[in-house]
Amino acid sequence: MLDKARGLPADQIFMDIEDAVAPIAKPDARKNIVAALNEGGYDGKVRVVRVNDLTTHWTYRDVIEVVEGAGANLDAIMLPKVQTAEQIHWLDTLLTQIEKTMGYEVGRIGIEAQIENAMGLINVDAIAAASPRVETIIFGPADFMASINMKSLVVGEQPPGYTEGDAYHYILMRILMAARAYDKQAIDGPFLQIRDVDAYRRVAERSAALGFDGKWVLHPGQVDAANEVYSPRQEDYDHAELILDAYDYYTSAEGGALGAVMLGDEMIDEASRKMALVIAAKGRAAGMARTKTFTPPES
Ligand code: GLV
Ligand code: MG
């Protein structure tokens, strides 16, 4: 898996020492991860290691072994089941001490905070603001469902009996608001039915629609679906670039210095430009090419 990840078109890879690793296998997992990171081959991908959470006795050793061993080839540590800002402060301090000891650049290694229980969610604003190292807030649906006693065993799907609305809406929005307020990425968590890519897509579309930046994949078969769902549709990307060009033109002296203008049947103004910037940025980040160009009207 560590090797296969090198060739996948994913933006990030994270290597796990937490829930995907049996307790007696954790010491070996640390060593395998250090070796894989130092061997390299993950170019162009954000390289992250998920350590064990702070209710266990493994966390300090996970961080020290991995960061001392491969800190130069690592971009972030993912801390699962974060409950308070103090837990982020602990990791921040430990990372600074290791960076200074090893002669690494201080502050380069980021933190990804997984929100996986009620305490984490009610403290998510403080967690997001706890350190400039925090880059990403991640929803951990499986642990979260267990922690709130949700009556379901299928991660991401609506719990049986909940027929109105989306049982995850509040949680997703809460995380998204904290992420946007503090300029962090909001990332949706795993979908466990790895062979059902249509279902993955359906669940992913919900958080993508709200504004999440991406979602975990557990299997290579989910990668293309994720890249597609979190990118704009071609017609939306084209439309966004068109709005930006048109608004640029119409607000210029040449275009009449106008603030609110018609683009086809639609009135566009400064707020339209901001919305278009969001969609255009997602499309550009995904490497999309525009298929329409704006032509100023004949004067
Ligand atoms: C991921 O860690 C989850 O609990 O969903
Ligand atoms: Mg979890």
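Both ligands and their constituent atoms are indexed starting at 1 by order of listing. Remember, it's a predicted structure, so these values are computed and weren't measured experimentally.
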Would K151 count as a cation-pi partner of Y162, with NZ or CZ less than 6.0 Å from the six-membered ring centre and within 45° of the ring normal?
no
W58 and V49: same hydrophobic cluster, using ILVMFWY side-chain contacts below 4.5 Å?
no
Just jot down the side chain to side chain contact (heavy atoms under 4.5 Å, CB included) partners of M1, sequence neighbours excluded, or say none.
none
Within the 4.5 Å heavy-atom criterion, are E65 and I33 side-chain neighbours or not?
no
Sorted by chain and number, the residues that approach ligand 1 to under 4.0 Å with a heavy atom:
R50, Q114, E116, G140, P141, A142, D143, P190, W216
Could you list the residues that satisfy side chain to side chain donor-acceptor pair (under 3.5 Å) with R61, not counting sequence neighbours?
none
Would you kindly say whether T291 and Y237 are connected by a side-chain donor-acceptor distance under 3.5 Å?
no
Going by the salt bridge (Lys or Arg N to Asp or Glu O under 4.0 Å) test, name the single residue among R47, R133, K45 that passes it with D75.
R47
Taking 2.8 Å as the limit, list every protein N, O or S atom around the Mg ion (ligand 2), by chain and residue number.
E116 OE1, D143 OD2
Show the nearest heavy-atom pair for residues I127 and T84, with the distance to one decimal.
CG1-C, 3.7 Å
Between Q193 and E157, is any side-chain donor less than 3.5 angstrom from a side-chain acceptor?
no
